[in-house]
Amino acid sequence: MTRIVVLTGAGISAESGLGTFRDEGGLWTKYDLNEVATPEGFARNPVLVQEFYNARRANCRGAAPNAAHEALARLEAAAGVRLTLVTQNVDDLHERAGARDVIHMHGALNRALCGACGHRWDAPEVMSVDDPCPACATAATRPDVVWFGEMPYEMELIYDRLLMADLFVAIGTSGIVYPAAGFVSEARAAGTPTLELNLEPSDTYGLFDEGRYGPASEIVPLWVGEVLTRLRG
Ligand code: APR
């Protein structure tokens with residue numbers, strides 16, 4: 001069994017029409033992340049934050065998975081592969097491409113969270129701060145996404161999988177935001193081979209054993225094809 005940990009970032013969804021964060025025209029070039037992606041920003045102006053995520057949710061609904069998402073779903077389904085697919089993305093394009101077990105370490109746009117009792121449920125298309133929590137009825141609804149300064153989800157599971165992996169691959173991420181940007185170092189410390197698949201070298205490109213550069217919809221299917229051919233012997 002070949003155990004592979006793949007980390008994806010906004011770059012894998014770029015060709016599906018969803019913006020990245022730090023490229024030219026990226027989300028953080030248009031919005032102040034302190035206003036729309038921090039607990040303090042939500043406390044200051046919850047209506048603005050809900051509108052920001054409602055717009056991203058609508059954008060995501062209008063997008064379709066691309067060949068990179070589809071290739072990873074094929075890899076996950078392949079005999080002889082134990083894939084741990086960790087995404088920093090809050091879109092559901094991996095799932096819509098057929099991936100069955102996706103770890104959303106930064107949460108998900110299609111989930112809602114009650115800020116009062118911690119209850120989670122499927123988000124409505126348009127979320128409002130006045131929405132009562134289905135469990136405690138408090139009007140404390142927020143998107144179930146991890147904001148700056150909050151703890152990402154499933155970190156213990158992710159580190160366990162990194163320790164046991166035969167290969168770590170980062171796809172479409174700038175390597176700027178931790179703890180995800182540190183996964184390559186965790187893999188190296190465990191003696192795990194590392195590969196970066198990105199449009200251009202990331203901030204941590206020098207830590208990878210190998211880097212391949214180009215659009216994810218081209219280089220990810222090529223890499224998955226190589227892995228599957230090698231597995232078939
Ligand atoms: N194919 C492959 N890679 C691409 C493509 C593409 N078509 N287009 C862009 N990229 C690469 C860019 O070169 C860049 O390295 O994707 C990366 C996107 O980087 P960011 O915009 O910083 O996105 P990401 O790394 O996912 O950000 C991490 O930061 O703001 C937080 O929570 C947010 O999850 C996000 C985290």
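In each ligand, atom 1 is the first atom listed, and ligand 1 is the first ligand listed.
Side-chain polar atoms of Glu95 and His104 form a donor-acceptor pair below 3.5 angstrom. A donor and an acceptor atom, one from each side chain of Glu200 and Tyr205, are nowhere located under 3.5 Å apart. Side chain to side chain, Thr8 and Gln88 fail the donor-acceptor criterion of an N or O pair below 3.5 Å. Tyr153 and Asp144 form a side-chain donor-acceptor contact under 3.5 Å, judged by distance and modelled atom types alone. Side-chain atoms of Gln50 and Ser128 include no donor-acceptor pair closer than 3.5 Å.
Heavy-atom proximity to Phe148, at under 4.0 Å, picks out these atoms of ligand 1: 30 (O), 31 (C). Interface of Glu15 with ligand 1, defined as ligand atoms under 4.0 Å from a residue heavy atom, comprises 1 (N), 6 (C), 7 (N). Near Phe21, with a cut-off below 4.0 Å to any heavy atom, the atoms of ligand 1 are 21 (O), 23 (O), 27 (O), 30 (O), 33 (C), 35 (C). Residue-ligand proximity, Trp28 to ligand 1, at heavy-atom distances under 4.0 Å covers atoms 30 (O). Taking every heavy atom of Ala216 and a limit of under 4.0 angstrom, the matching atoms of ligand 1 come to 1 (N), 2 (C), 6 (C). Applying the 4.0 Å criterion to heavy atoms of Glu200 picks out, from ligand 1, the atoms 13 (O). Interface of Gly172 with ligand 1, defined as ligand atoms under 4.0 Å from a residue heavy atom, comprises 3 (N), 16 (O), 17 (C), 18 (C). Close contacts of ligand 1 with Gly9, meaning ligand atoms under 4.0 Å from a residue heavy atom, involve 26 (O).
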(Q) Would Glu70 and Arg96 count as a side chain to side chain contact (heavy atoms under 4.5 Å, CB included) here? Give the steps. (A) CA-CA 9 Å; Glu70 291 162 354; Arg96 285 161 58 191; over 6 Å; no
Give the intermediate values and the outcome of side chain to side chain contact (heavy atoms under 4.5 Å, CB included) for residues Val36 and Leu48.
-> CA-CA 7 Å; Val36 293; Leu48 170 71; 4.1 Å; yes
Original post:
Given Arg57 and Glu125, is the salt bridge (Lys or Arg N to Asp or Glu O under 4.0 Å) satisfied, shown in steps?
Top reply: CA-CA 7 Å; Arg57 196 172 295 111; Glu125 287 185 13; over 6 Å; no
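Counting only heavy atoms of the protein, atom 6 (C) of ligand 1 lies nearest to Gly11 O, 3.4 Å. Among protein heavy atoms, the minimum distance from atom 9 (C) of ligand 1 is reached at Asp23 OD2, 3.3 Å. Ranking protein heavy atoms by distance to atom 25 (O) of ligand 1, first place goes to Thr173 OG1, 2.7 Å. For atom 34 (O) of ligand 1, the closest non-hydrogen atom of the protein is His106 ND1, 3.0 Å. Among all protein heavy atoms, the one lying closest to atom 26 (O) of ligand 1 is Ala10 N, 2.8 Å.
Under 4.0 angstrom from ligand 1, the non-hydrogen atoms of Val177 all belong to its side chain. Contact annotation: for Ser202 versus ligand 1, there are no heavy atoms closer than 4.0 Å.
Scanning Arg22, Glu24, Gln88 for the heavy atom closest to atom 27 (O) of ligand 1 points to Arg22. Across Asn198, Thr8, Val145, heavy-atom proximity to atom 11 (C) of ligand 1 is greatest for Asn198. Looking at Asn89, Val220, Leu199, Ile219 and measuring to atom 3 (N) of ligand 1, the nearest heavy atom belongs to Leu199.
Between Phe52 and Trp28, the angle of the ring planes stays under 30°, which puts this pair in the parallel group of the 30/60° scheme. Aromatic ring orientation, Phe42 versus Trp147: tilted (interplanar angle from 30° to 60°).
Ligand 1 has no atom lying under 4.0 Å from any heavy atom of Ile176. At least one heavy atom of Pro215 lies less than 4.0 angstrom from ligand 1.
The hydrophobic cluster containing Val102 does not contain Val145, counting ILVMFWY residues as joined when their side-chain heavy atoms lie under 4.5 angstrom apart, directly or transitively.
Between the Asp166 side chain and the Thr2 main chain, no donor and acceptor come within less than 3.5 Å of each other.
Considering Ser16, Ser13, Ser217 as possible partners of Asn66, the one that fulfils the side chain to side chain donor-acceptor pair (under 3.5 Å) test is Ser16.
Considering both main-chain and side-chain atoms, Ala14 never comes within under 3.5 Å of ligand 1 through any nitrogen or oxygen pair.
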